[in-house]
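Chain A is the first sequence line, chain B the second, and so forth, proteins listed ahead of strands; every chain is numbered from 1.
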2 protein chains.
Amino acid sequence: MTGLLEEINSPADLKKLNERELKQLASEIRQELVSVVSANGGHLASNLGVVELTIALHRVFESPRDKIIWDVGHQTYVHKILTDRRRRLKTLRQYHGLSGFTSREESQHDPFGAGHASTSVSAALGIARARDQLGENYNVLAVIGDGAITGGMAMEALNHAGHMGTRLIVILNDNGMSISPTVGAIARMLDRVRFDHHYSSAREKGQRLLYSLPFGRKLWKVVKVFQDQATGLIKHGGFWEEIGFSHLGPVDGHNIEELEAALIKARDYWGEKPVFIHVITTKGKGYHPAEADAVYFHGVPPAKPSSRPSIPTYSEVFAYTTLRLARDNPKLVVITPAMPEGNSLNIVKNEFPDRVYDVGICEQHAVTFAAGMATQGLIPVVAIYSTFLQRSFDQIIHDVCLQELPMVFAIDRAGIVGDDGKTHQGIFDLSYLTLIPNLVVSAPKDENELQHLFYTAVNLRRPMAIRYPRSAGVGVPLDSIFKEVPIGKSEIMRRGDDLAIIAIGNRVLPSLEAAVMLSANGVNATVVNARFAQPLDNELILEIARDIKNIITVEENVLSGGFGSRVASLILSQRVAGVRLKSLAIPDEFVEHGSQAALRAKYDLDAEGIFRQALTMVTNQNEQLSNKSAKLERD
Amino acid sequence: MTGLLEEINSPADLKKLNERELKQLASEIRQELVSVVSANGGHLASNLGVVELTIALHRVFESPRDKIIWDVGHQTYVHKILTDRRRRLKTLRQYHGLSGFTSREESQHDPFGAGHASTSVSAALGIARARDQLGENYNVLAVIGDGAITGGMAMEALNHAGHMGTRLIVILNDNGMSISPTVGAIARMLDRVRFDHHYSSAREKGQRLLYSLPFGRKLWKVVKVFQDQATGLIKHGGFWEEIGFSHLGPVDGHNIEELEAALIKARDYWGEKPVFIHVITTKGKGYHPAEADAVYFHGVPPAKPSSRPSIPTYSEVFAYTTLRLARDNPKLVVITPAMPEGNSLNIVKNEFPDRVYDVGICEQHAVTFAAGMATQGLIPVVAIYSTFLQRSFDQIIHDVCLQELPMVFAIDRAGIVGDDGKTHQGIFDLSYLTLIPNLVVSAPKDENELQHLFYTAVNLRRPMAIRYPRSAGVGVPLDSIFKEVPIGKSEIMRRGDDLAIIAIGNRVLPSLEAAVMLSANGVNATVVNARFAQPLDNELILEIARDIKNIITVEENVLSGGFGSRVASLILSQRVAGVRLKSLAIPDEFVEHGSQAALRAKYDLDAEGIFRQALTMVTNQNEQLSNKSAKLERD
């Protein structure tokens, strides 16, 4: 192998290659992708699917002068390879390495960062309008998948773009599936377009036939009535023409020549309308395991050196619990926005296909659809990742909690998620959920408690949220009989007089470990499993505040508005004097990507960090007590 | 006038009326609407537009067995009149009176409450699926306007509904404007449908013409090719057929007979598809001032007994400030989701039509569209109501603050909004904004400070939010020269040793008033205008905590995660001992409708309440100091 890729140092170098070399380049890129993703984990199938599209884009357009906005950004490894980041690709998704998504910090070739779906058309339209207003002249492109385009936000932006008529190119990367096979009528409409290649020729045949007949030309005018009446609708992709776009395609997304022809047409189009290009790609293209199972290969975990005895993940325990609860209670239904595999929900879907709803990448609709079901006595479980639930914030307030509709939010990937980085951290949910009245907000200390909290939530006649981390459980045995957990009651794990560590969720066990280490240093700590961030266990917290005085709270959430800040408010409002409180949490900043362990260590949220912080607190106090007058500390 | 309306005690009574009586009823309802809205304020034009539609719905369907979900719910006064609430209509939007929107608490005829736009199809679809799953049999209808239907959430739901094929009726109430004339390509598409009534007859004419000719029947088959190729697309409303709906209409929304015919057809349709009915109505129908200016009459303030010299509203000062800033800075642009009048932005739009973007009811898109502009050096001001900004929560985090894009959030209707009630209170923003890293969050004490904060925000190279209330300003003179306000610095309004009142936004002046009342009672209070909820003025707050000890915080926001809770966290984390803190805020509950004054009084957020709370705090302390040992208080 000659190593063409070695010679590509910038997009400009692509322009020198001939057709044969381009094919070889595509093949080298695919090998590179497989090798990096096998080592680091990440998105394989979606990147294999856009190799030719990315090459064609960088041959026809001039990045960074032209702005290419990739929706979600998980399919940009090829883009990164071709825009000066190939040598760093081995650091992909690693601490201080390349991001797994687009990022403005990382490269001038990423004009708008992403991570969540359906934002690209809005951002591209904003950039295009700014260009017009500033009198500049460059191309702006959004590349969006057939899953993300059904997200409401993308529809809002397409509608606005069609209305404004700015010069803008929207490329639909249509592989017939988002993460899971795409849901919805719009997807079905695209399907129809995909298989309906014969219209144009039928039209020409019709015209020829008519012209060959007596009165033919006159009759052709009659035929034209139908075309005129249905302007735009009568051709392929009529919907896009109808909402104000010029339409090109469908184009074979693995044929560079065909792609370039369409892109050049779009680039050189100077009409008033935005241009929509429909590109058909195959997810996992060119790598057989990925092509055959694109869902699994969507996100690939890094290869592990050795395998430990497998402990189920929190997601799996959630799914098995849901399955058991669904067997007992025919009113239980599950709603997930495009994440049945990520949430391990397929085991429920297999047994109860009619009670699991994958609504597509539509978090807003997911929540209110569930709320509608709740009004009729069903018990909806909305399974969603913490970071994506941010999209449903208003619906949780306005549709669920204001109406006090009984339903369960199963919030996966809460806390530090690791490799996915800034856009995907689940570090805000304790804050944005506890500010909502009428909502119970909980987090289990381990996967066994997860079961019991779910059982409790399903039987509670109020809305309740349960957040749990992206990881394997801790390996505790799972009780076979579910227990109700009393709402707002925490659990004392260990008693000690020197200080109290009040932790929530997956920070409880590291706090216990820290207590053991403290004990070896002569410090006796109480450890509390808070279980609930709302309502707080006021009684126990105040008792601790009065008796122990030194309190550390621990949570995998930002400081602002989080668990620790609620404890602080409570203690001050109840005027418990002399309390010293330290809240261990994520400081108010966005958390980069890296392993969960490294990031927890960074923020003193692991056992070692909690131990160190606790020791400092107790030691300082003793120093203060001995070195200074006690009055100073108390006054 | 015979008073037909008097005889309507439930929807069933409507069925007895004949055509002439129905017309009279419609006219009586219109009179009732004008009279109630003139007295209480509320939405006039939209209700006048649905008189016939509401009557027809309640004649053809059996509420509450059949579920009618009104989107937004501001157009349901007629529905309330016809469903047992006529006698209470005079209490509309008043404290403990009828809500101005739908509400599950209020009536069994309101199966799903609303207030925010675009939720109805999601809720209706959830109810319909619950019905199917529970083996029940009733009709579910969503009534949605042409503005709300362009909201992303509605598009998500329509897409899902078309895909699932559940029995469901969606009625588009198309009056050609949402609050402002509807923006967007979809609206334009509806326009085309509205004026294109002639297609069917053209089709018949074409067929007749062909049949009369030699080879005619054969040629008709050629014509049919085009129809078959474009199934669904070739007829009116093809889009709806295309995404999986059966389509009826357009129907004249002021012709009860025609409406009933369409509704009966939909009700008796037992196919697998949901049914879409396109109804054309005229906003303000039957009341000439409202018909002519539907935007003004959309929301009508109650008639005032006398008029005081007019003080500009915060919205107006915002708009004038924006206009002045826009004149000086060509990079300033304004984005508003369907609220140019509510935000008083028309004065900016008149002078700079190309720099004010009304994007329709699309809060998500609005924010990311603005973020795209910010990447190119424009300075976008996103003008939006506090309660609707909740829809953009994820976009503020993911697209704006994570990327630290300089832009300004102008948050109108923050705090207690009054008559609009639970769904519209702007009482969460201080909490949900301060949990976001990189965002400056501020609130002015008066309209003059509003000017200066805007000037500051536009020149700051970071994202900044400014929240201000729904009301007239306080009447202070407006400085002609803008000043920069130092970020995170508060202002001492008055000094006193007995306690400190730290207030934010529109609660600063009532706190000053309270301080005057306290002074008359021998209590000397410091009053601080906090100005910023993020970053906090740590230095000043800690100084006050050390020196004064008794602190009251005041804000028009919920307690959880709000300004007071941030002050509590700060004080406890810095271990300032002996501080007594009382946070005056909205307790963690949804706030009903009523006058702003009544609600502020209820929560001790007016001068009187702050005075009372402060006096209690100081008095209790003195009692404690004299009756008990001082140690108790301090230990």
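Taking chain A as the reference chain and counting heavy-atom pairs below 4.5 Å, the highest number among B/Lys67, B/His116, B/Arg391 is found for B/His116. Chain A forms the most heavy-atom pairs under 4.5 Å with one residue out of B/Ala157, B/Gly561, B/Ala114, and that residue is B/Ala157.
Of the atoms belonging to A/Thr387, it is backbone heavy atoms, and not side-chain ones, that fall under 4.5 Å from chain B. Using a 4.5 Å cut-off between heavy atoms, A/Gln395 contacts chain B through its side chain alone, with no backbone atom that close. In this structure, the portion of B/Pro330 lying under 4.5 Å from any heavy atom of chain A is its backbone and not its side chain. When heavy atoms are compared at a cutoff of 4.5 Å, B/Leu389 does not approach chain A at all. Looking at B/Gln534, only its side chain comes within 4.5 Å of chain A, counting heavy atoms on both sides. Contact annotation for B/Leu134: only side-chain heavy atoms (C-beta onward) come within less than 4.5 Å of a heavy atom of chain A. Neither the backbone nor the side chain of B/Ser583 comes within contact range of chain A, judged by heavy atoms closer than 4.5 Å. Contact annotation for B/Val367: neither backbone nor side-chain heavy atoms come within less than 4.5 Å of a heavy atom of chain A. Of the atoms belonging to B/Phe245, not a single heavy atom falls under 4.5 Å from chain A. Proximity to chain A is limited to the side chain of B/Ile571, based on heavy atoms less than 4.5 angstrom apart. Heavy atoms closer than 4.5 Å to chain A are found in both the backbone and the side chain of B/Asp399.
Side-chain atoms of B/Gln376 never come within 3.5 Å of backbone atoms of A/Ile127 as a donor-acceptor pair (strictly under, hydrogens ignored). Between the A/Glu156 side chain and the B/His365 main chain, a donor and an acceptor come within less than 3.5 Å of each other.
For the side chain to side chain donor-acceptor pair (under 3.5 Å) test, no residue two or more places apart in sequence or in another chain qualifies with A/Gln403. Remark: B/Thr119 pairs with no residue by the side chain to side chain donor-acceptor pair (under 3.5 Å) rule, at least two apart or across chains.
With no hydrogens or angles considered, a side-chain donor-acceptor pair links A/Arg566 and B/Ser560 at under 3.5 Å.
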(Q) Applying side chain to side chain contact (heavy atoms under 4.5 Å, CB included) to B/Lys422 and A/His398, what does each step give before you reach the verdict? (A) CA-CA 9 Å; B/Lys422 283 188 181 178; A/His398 177 270; over 6 Å; no
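In plain terms, the two heavy atoms of B/Ser565 and A/Ser565 that are nearest each other are OG-OG, 4.4 Å.
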